[in-house]
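In what follows, a structure is listed as structure tokens, so that the remarks can point back to it.
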Amino acid sequence: MKIASVIVDVPTFQTNKPFDYLIPEKFEEVIQKGMRVIVPFGSRKVQGFVVELKDVSAIEELKEIVEPLDAIPVLNDELLYLGNQLARQAFCLKLTAYQVMLPPALKAKYEKYITLKKDGLGKLPHSLEQFFQEKGRVSWTEGEKKVGSSFLYRAVKKGWIDVYYEVKDKGNKKLIEYFRPVDDLSTFKQKVFATSRLGKVQKKIIDYYLSDFRPHSTTELSKQFGNVRGSLQSLERMELLKSESFEQYRDPYKNRTFTKTKPLLLTEDQKRAIGPIVQTIEKELHQVFLLYGITGSGKTEIYLQSIQEVIRRGKEAIVLVPEISLTPQMVERFKGRFGDKVAVLHSGLSVGEKYDEWRKVQRKEVQVVVGARSAIFAPFENLGVIIIDEEHETSYKQEEVPRYHARDIAILRGKMHRCPVVLGSATPSLESFARAQKGVYRLLTLEKRMNEKGLPDVQIVDMREELRTGNRSMFSRLLLEKIKERLSRKEQIVLLLNRRGYSSFVMCRDCGNVLQCPNCEISLTYHKVTNEVKCHYCGYEARTPNVCPDCGSEHIRFFGSGTQKVEEELGKLLPNVRTIRMDVDTTRKKGAHEKLLKAFEEKKADILLGTQMIAKGLDFPNITLVGVLTADTMLHISDFRASEKTFQLLTQVSGRAGRHELPGEVVIQTYTPEHYSIQLAQKQDFRQFYQREMIMRKNGQYPPFYYLVQIQVSHENLQLVVSIMEKIVLFLRSKLSKEVLILGPSASPIGKIKNKYRYQCLIKYKKEPDLIDILQKVQEMFQQDQRSKNVSISIDLNPYTLM
DNA sequence: AGCACGCCGACT
DNA sequence: GTCGGCGTGCTC
């Protein structure tokens with residue numbers, strides 16, 4: 001095995017295949033499949049993944065691998081297989097697939113350097129030459145700043161300077177440096193005695209060691225005596241002390257203690273549900289379960305006890321939760337039960353923290369991973385169960401390039417490990433429930449709430465009626481009255497509004513002109529605090545104009561209400577009310593989400609006002625009222641899942657009220673009270689909603705009756721976009737079967753984003769065995785355009801947003 | 001991605 | 001006649 005096939009870190013389709021390299025003799029024992037290596041590629045050095053070892057290559061002249069980057073492969077055989085599968089189904093590069101499966105810390109960084117050649121002596125500007133004298137080499141960016149890139153290019157041509165690349169090995173592991181005495185105490189004393197001269201600081205350090213004879217960390221010593229690095233190094237040279245480094249994990253939960261919990265006694269309902277799961281774990285069978293349990297019915301306890309069984313058998317478990325509900329509360333439940341057997345992976349962690357948590361898995365120091373979508377790639381090798389909580393959540397589908405669904409990966413892994421996959425939800429996705437009905441998944445149900453409490457009382461308020469009777473505020477009389485009632489009882493309230501900012505659009509009352517983003521086909525949102533209008537798609541910001549830019553009229557008005565406006569209106573109606581606002585704007589900073597929730601938990605506010613991010617996971621005993629300000633905002637977007645999403649959101653948010661001793665109430669305000677998704681959310685009747693919605697989907701030829709593929713082309717040039725899209729559709733029509741429905745080409749619902757026009761087509765199909773290969777061809781056919789003209793063609797299997 | 005090579009128009 | 005723009009092809 002002297003040759004390694006390597007996928008290089010060059011993100012283009014042209015290089016999306018293995019390149020062969022010779023393994024130098026000194027690394028023959030070291031280099032394995034799945035490791036990262038540095039290889040020469042053209043004129044530079046790049047990172048790569050070894051995907052195969054072999055003895056012969058079709059290529060005549062091979063270059064040698066420079067060096068390995070890992071001691072243990074970062075991708076095991078299963079992950080390599082998953083990566084290839086992912087690349088195929090998500091139409092992405094193998095490289096990209098490997099990268100999403102790994103923590104971002106392992107992604108290579110490159111730095112371009114220049115060095116001075118003999119011929120360049122005296123030819124460069126002073127500022128640059130000085131640099132060379134000081135450091136010997138200069139980073140390209142630094143040099144560029146000094147003398148400009150064109151000069152540098154010329155200097156390279158003239159042979160004055162050399163350019164080379166370095167793969168930056170980021171010291172990812174956090175090391176703690178210790179100094180320990182070289183000898184035992186008596187030898188140490190003798191040596192000290194024999195040493196003729198000791199500096200002042202050195203003496204202090206020696207005394208410290210004499211009083212406490214054990215290793216001390218550099219940080220500890222520095223705290224005592226100031227900056228002592230130099231002195232310590234001298235002592236090391238005198239062979240009194242010796243430095244040692246230990247790796248230390250960055251523990252995001254280090255200052256938290258978790259109260260140990262014991263398995264709870266299961267209700268009859270729960271026992272019935274967990275039985276089949278445990279059986280499949282015991283028999284080592286693959287089976288997908290849909291655990292349908294109403295809010296508060298104790299799904300988490302079933303997860304916990306299934307995992308317990310898995311751990312007992314020496315196996316491992318992955319638990320996926322939606323990012324947003326990965327709150328301390330959730331983490332606490334798992335850490336409380338399984339202690340340090342748990343690693344946590346979510347986007348709130350720093351790059352280093354993620355890397356450390358990931359490595360705990362790699363080194364088999366933990367048996368459980370709780371995490372968001374990408375945690376499905378946790379490198380366990382002996383999985384006993386995979387759990388996906390809130391299975392219906394759209395955040396399990398990655399909307400960027402590798403467009404994968406965590407559920408699909410979970411099932412793939414479940415098959416390979418012969419273990420169950422448990423999908424849990426109070427409002428399952430239609431797709432999953434339909435599969436359960438067909439027997440593809442096995443349905444398990446929890447129909448009762450654990451505490452035997454009834455579901456909260458839900459009331460619907462017709463806002464048209466409110467308008468007719470002269471109430472033009474955002475709050476119906478009923479909701480306002482109930483808010484006041486809770487305030488006087490010192491109970492807490494959650495208000496949901498699905499729109500951030502102040503108002504959703506700005507319109508001129510004279511000419512009807514709506515302020516639009518200059519780069520996107522989207523109306524601008526008014527933010528009062530900064531008096532700006534913003535585009536939530538491209539980030540465009542501008543001062544709010546005083547007059548209409550179209551007709552010059554001063555009658556510019558704001559329509560629709562966002563969280564900012566509601567907050568303001570609340571302040572006017574109830575002057576002393578304490579409100580916490582939670583939306584993308586207030587939770588941008590790291591840890592802000594957590595902090596706001598904590599403040600609410602500690603009753604520092606009466607009302608929690610937020611967008612859908614508050615709908616999940618919070619479980620505070622004092623919440624007795626949930627208000628949904630406008631239930632219809634989501635209903636009218638052009639999305640075949642609009643009703644489903646509305647039903648899910650209303651049901652989920654209703655579940656926030658009255659989870660404990662105090663009974664809960666929910667008020668839903670709407671302009672379309674007759675709509676079935678609102679009516680059935682009131683009754684919390686999932687099954688009936690399912691029946692109704694399935695009829696709609698069947699008529700509309702949507703999932704779960706048809707599978708969907710979205711192909712989207714975007715570019716600055718509209719003609720180009722249209723012509724490519726047309727060619728694609730023509731090609732598809734010629735290749736796909738007659739039963740397939742191809743819709744389009746048509747402009748995307750948002751026809752332009754960031755100055756790029758967007759066109760799309762939709763494929764609806766039931767069975768199309770060659771589909772992936774045909775779509776792969778589409779990708780290939782337009783490779784040239786994608787590269788040279790910068791056209792982007794995205795193919796999305798089972799898309800979740802059709803915007 | 002980065003780089004070389006080749007072709008073309010524009011300018012010293 | 002040379003400089004520099006871009007389209008194309010190649011990197012084991």
Side-chain angles (χ1 to χ4, degrees), chain A residues 1-25 27-28 31-69 80 87 92-100 104 106-115 117 139-141 143-144 147-168 400-402 715-717 720 723-724 779-793:
Chain A
M1 299 292 174
K2 292 194 171 67
I3 293 167
S5 290
V6 176
I7 296 287
V8 291
D9 182 16
V10 179
T12 60
F13 278 98
Q14 292 169 82
T15 50
N16 189 31
K17 53 162 190 175
F19 285 79
D20 290 347
Y21 287 90
L22 280 174
I23 300 172
E25 215 171 305
F27 294 137
E28 255 178 58
I31 287 176
Q32 294 167 45
K33 207 168 143 187
M35 273 184 182
R36 295 172 307 146
V37 289
I38 295 176
V39 291
F41 195 68
S43 59
R44 47 200 181 122
K45 291 189 184 93
V46 297
Q47 195 192 74
F49 291 96
V50 177
V51 292
E52 204 191 334
L53 294 180
K54 53 189 186 182
D55 284 312
V56 282
S57 168
I59 306 295
E60 311 245 316
E61 271 185 64
L62 297 181
K63 290 186 180 175
E64 284 197 338
I65 286 178
V66 178
E67 58 172 328
L69 281 170
L80 278 169
C92 72
L93 305 170
K94 292 202 163 118
L95 174 78
T96 322
Y98 298 150
Q99 281 172 345
V100 282
L106 295 180
K107 203 175 154 183
K109 286 250 167 79
Y110 301 94
E111 181 91 61
K112 201 174 172 184
Y113 287 101
I114 46 178
T115 49
K117 286 173 89 173
S139 81
W140 180 275
T141 24
E144 210 176 5
V147 297
S149 61
S150 53
F151 179 86
L152 290 182
Y153 285 124
R154 243 175 295 142
V156 175
K157 249 192 185 160
K158 297 213 165 122
W160 297 345
I161 55 175
D162 247 347
V163 180
Y164 72 98
Y165 292 81
E166 221 167 72
V167 182
K168 270 211 168 164
E400 295 109 60
V401 172
H715 190 262
E716 284 98 347
N717 181 345
L720 185 67
S723 88
I724 291 181
Q779 192 81 266
E780 272 167 40
M781 280 163 63
F782 296 95
Q783 245 179 61
Q784 203 64 5
D785 290 305
Q786 294 197 59
R787 201 170 92 96
S788 62
K789 299 195 187 112
N790 221 359
V791 179
S792 95
I793 298 174

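Convention: sequence-line order gives letters A, B, ...; per-chain numbering from 1. Not measured: the values here are computed from a predicted model.
Close approach of DNA chain B to chain A, defined as any atom under 4.0 Å from a non-hydrogen atom of the protein, starts and stops at B:dA1 to B:dC3.
Residue-level contact check: A:Tyr110 touches neither bases nor backbone, having no heavy atom under 4.0 Å from any strand. Among the protein residues, A:Ile59 comes within range of the nucleic acid bases, having at least one heavy atom under 4.0 Å from a base atom.
The salt bridge (Lys or Arg N to Asp or Glu O under 4.0 Å) test applied to A:Glu64 returns no partner, not counting sequence neighbours. The side-chain hydrogen bond (donor to acceptor under 3.5 Å, both in side chains) check on A:Thr141 picks up A:Ser139, with sequence neighbours excluded. Legend: residues meeting side-chain hydrogen bond (donor to acceptor under 3.5 Å, both in side chains) with A:Glu52, ordered by chain and number and at least two apart, are absent. The salt bridge (Lys or Arg N to Asp or Glu O under 4.0 Å) check on A:Asp9 picks up nothing, with sequence neighbours excluded. Under the salt bridge (Lys or Arg N to Asp or Glu O under 4.0 Å) criterion, A:Lys789 pairs with A:Asp785, not counting sequence neighbours. Listed by chain and number, the residues in a salt bridge (Lys or Arg N to Asp or Glu O under 4.0 Å) with A:Glu166 are A:Arg137 (sequence neighbours excluded).
Remark: the A:Gln14 side chain and the A:Gln783 side chain contain no N/O donor-acceptor pair separated by less than 3.5 Å.
The ring pair (Phe, Tyr, Trp, His ring centres under 6.0 Å) analysis of residues 47-66 of chain A, with sequence neighbours excluded, yields the pairs A:Phe49-A:Tyr98.
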Distances under 3.5 Å between protein N/O atoms and the N/O atoms of nucleotides 8-11 of chain C, please, pair by pair.
| residue | atom | partner | partner atom | Å |
| --- | --- | --- | --- | --- |
| C:dG9 | N7 | A:Arg787 | NH2 | 3.0 |
| C:dG9 | O6 | A:Arg787 | NH2 | 2.8 |
| C:dC10 | N4 | A:Gln14 | OE1 | 3.0 |
| C:dT11 | O3' | A:Gly42 | N | 3.3 |

